[in-house]
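Predicted model only: the values in this text are computed from it and were never measured. Computation of the quantities below employed the complete heavy-atom set of this structure, encompassing side-chain atoms and omitting hydrogens, waters and symmetry-equivalent molecules.
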Amino acid sequence: MLHTMNSYNYDNIYPQYDNHEDPNSNSIFMKLVPKKMYSNSVNQILSSDPCRVCGFDKNTGRNFGVITCSTCKAFFRRNGRTGSLLPPCRFGGQCSVTERTRRQCSSCRLAKCFAVGMQKDLIRTDEERAARLQLVKANRIHRHGKYQQHAPCDIKKSPHQNDSSSFSLLSSNDWIQITNIRNAYGHFCLNPILHAEEEREEYLTAQPIKCRLKEHSFLNVLNVRLTSLSTFFSTTIPAYSIGMNRNDRQWLIHMNLHYLFLFSSMDLMNINGNQLHFGSNKACHNVYLYVFGQDLLIREEYLIHKLNHLIGHDSAISKIMQIILFLSPCLVTNSFRTLNSYQPSAETILHIHHAQQEYTHILWSYLIYRYGEIKAQKLFMSIIGHVLQQQIYGNDVDKSLIERQPFGNLVYSMLTSFSID
């Protein structure tokens, strides 16, 4: 099967990167927005308008009262209300804030945010965010119900379907679950990782180039990524957080967690304007070279870009796919993994499979609903083929880390012995 999937030409399924359709054009919800309202919003804020804070040429609209990029938006959300906790500027508050220097001085960056008119009163509190989330859920269900009244009820049966109702259109509960997954991923996973990456970049940028090989900075961010992913799965998979005991949950984390990093790396790349967090222009690049080597970094960059080409335009697919892969009894099998004395029972394995099937059903229904049956089949096959490539890559990373003594072996031990406590 592995040989068959690797021989499949996934690159021919879709056009090249610059030929993708606008993801909004496929959204049923965009069709519900009045054309006048949509055209007015486009006229007011152009995608070519630069960020008012750092000058980056791709904005995400008006955030906290000012046109900014996603990175400056996230920075102000974290620090706008607690700016006094930031370290003071070492150069008397005279730092230039640009796309290249924005991470070098948090104090001057925040001052620039306020100078261009960003308003900290617009940052929602935890209570306000929770209330807003409930409102968004209610509106989404309401819009979905209206669409279904006009949508065709007849969908051709998939050849992979086992019964007539197995893969019907998504229910309201399914939509709520997808929304919860996306929101939880941003809150518990993506935002903490982005914050850790930015802190490391600011710290290493302030160091002389010859002193940037800081092993502890790599381990700190690695621990954040493991913790964030673990928290995300605990909050979104009841069958995992409630239906499994601690030993079974720990076993699943040891077996699968670190093989899912490519997905969050893709999300970080999209937030950072198509720039990889370990790219050659980053201060942490030499640390990644030291840990993984040039060949593995090139392969990782290729896999991240290919994954982004497949599903980067639809954030829901990435999140659900990570859950499906995490709920695998053994995502990657290799001959050098330290044998774990603990093995879950057959009943636990069956429980994991049932939970995996539940999320596979949601993903497949979503793909058919969003893209139609034929395109959904092609996209699903492409995703599976890419997962097989990730498995081979993950196996090679494990082997390389074990051979790279002593720090590589330390990283491997951390990846395979991370504790949920």
Side-chain angles (χ1 to χ4, degrees), residues 133 137 140-141 144-145 148 155 157-189 228-257 259-260 263-264 310-311 314-332 344-373 376-377 379-384 386-388 390-391 420:
L133 178 59
K137 290 179 183 177
R140 183 173 285 111
I141 293 173
H144 176 60
Q148 281 191 321
I155 293 184
K157 184 176 180 181
S158 165
H160 304 287
Q161 217 168 307
N162 293 323
D163 60 77
S164 59
S165 61
S166 177
F167 294 115
S168 58
L169 285 177
L170 292 160
S171 66
S172 296
N173 288 335
D174 291 333
W175 280 112
I176 291 175
Q177 194 164 6
I178 291 174
T179 301
N180 289 340
I181 289 172
R182 295 169 73 170
N183 292 332
Y185 186 79
H187 180 73
F188 294 108
C189 187
S228 300
L229 271 174
S230 174
T231 304
F232 165 65
F233 293 132
S234 297
T235 55
T236 54
I237 312 176
Y240 166 75
S241 57
I242 301 176
M244 297 173 61
N245 63 44
R246 183 189 178 281
N247 290 333
D248 291 336
R249 295 196 303 271
Q250 191 71 65
W251 175 80
L252 206 55
I253 284 177
H254 288 171
M255 297 300 292
N256 297 335
L257 194 63
Y259 296 117
L260 304 175
F263 287 91
S264 56
L310 286 174
I311 63 175
D314 194 328
S315 61
I317 300 176
S318 169
K319 283 67 174 175
I320 303 173
M321 197 67 207
Q322 288 182 70
I323 293 177
I324 294 172
L325 294 177
F326 178 68
L327 293 172
S328 301
C330 185
L331 187 56
V332 174
S345 65
E347 182 180 357
T348 298
I349 298 296
L350 185 62
H351 173 77
I352 294 173
H353 278 305
H354 285 163
Q356 187 184 56
Q357 289 175 0
E358 174 188 346
Y359 290 97
T360 303
H361 155 72
I362 293 177
L363 176 62
W364 180 242
S365 300
Y366 176 81
L367 291 177
I368 292 181
Y369 174 82
R370 181 75 190 274
Y371 302 103
E373 187 173 353
Q377 291 177 2
L379 180 54
F380 191 76
M381 286 291 291
S382 297
I383 295 172
I384 296 302
H386 192 276
V387 168
L388 292 177
Q390 287 193 30
Q391 290 175 315
I420 58 179

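The aromatic rings of Phe233 and Phe326 lie parallel to each other, with less than 30° between the two planes, well short of the 60° mark.
His351 and Ala239 get closest at one heavy-atom pair: NE2-O, 2.8 Å. Taking every heavy atom of both residues into account, Arg249 and Met244 meet most closely at NH1-O, 2.7 Å. Shortest non-hydrogen contact noted between Phe188 and Ser228 is O-CB, 3.4 Å. Considering all non-hydrogen atoms of both residues, Pro344 and Trp251 come closest at CD-CE2, 3.5 Å. The minimum heavy-atom distance between Tyr359 and Leu327, with the atom names listed, is CD1-CD1, 3.9 Å. Looking at every heavy atom in both residues, Ser315 comes nearest to Arg182 through OG-NH2, 3.0 Å.
Rounding to the nearest 0.5 angstrom, the gap separating the CE atom in Met321 from the CG atom in Leu260 is 10.0 Å. Within the model, atoms CD1 of Ile362 and CD1 of Ile181 stand 6.0 Å from one another, a figure rounded to the nearest 0.5 Å. Note: Leu363 CG to Gln356 CD = 11.0 Å, rounded to the nearest 0.5 Å. In this structure, the separation between CG on Asp248 and OG1 on Thr348 is 4.0 Å, given to the nearest 0.5 Å. To the nearest 0.5 Å, the span separating CZ on Phe263 from CG on Leu229 amounts to 11.0 Å. Here the CD1-CD distance, from Ile317 to Gln322, works out to 12.5 Å after rounding to the nearest 0.5 Å.
Side-chain contact between His354 and Leu350 is present, with at least one heavy-atom pair separated by less than 4.5 Å.
With hydrogens and angles ignored, the 3.5 Å screen pairs no side-chain donor or acceptor of Glu373 with any backbone N or O of Ile368. A side-chain donor-acceptor contact under 3.5 Å links Ser328 to the backbone of Leu325. At least one donor-acceptor pair closer than 3.5 Å links the side chain of Asp174 to the backbone N or O of Ser171.
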### Task
Show your working on side-chain contact (heavy atoms from CB on, under 4.5 Å) between Tyr371 and Gln377 and close with a plain yes or no.
CA-CA 9 Å; Tyr371 302 103; Gln377 291 177 2; over 6 Å; no
### Message
As a quick check of understanding, evaluate ring-ring contact (aromatic ring centres under 6.0 Å, His included) for Tyr185 and Phe232, giving each step before the final call.
### Response
CA-CA 6 Å; Tyr185 186 79; Phe232 165 65; 5.1 Å; yes
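With hydrogens and angles left out, the side-chain atoms of Gln250 and His254 include a donor and acceptor closer than 3.5 Å.
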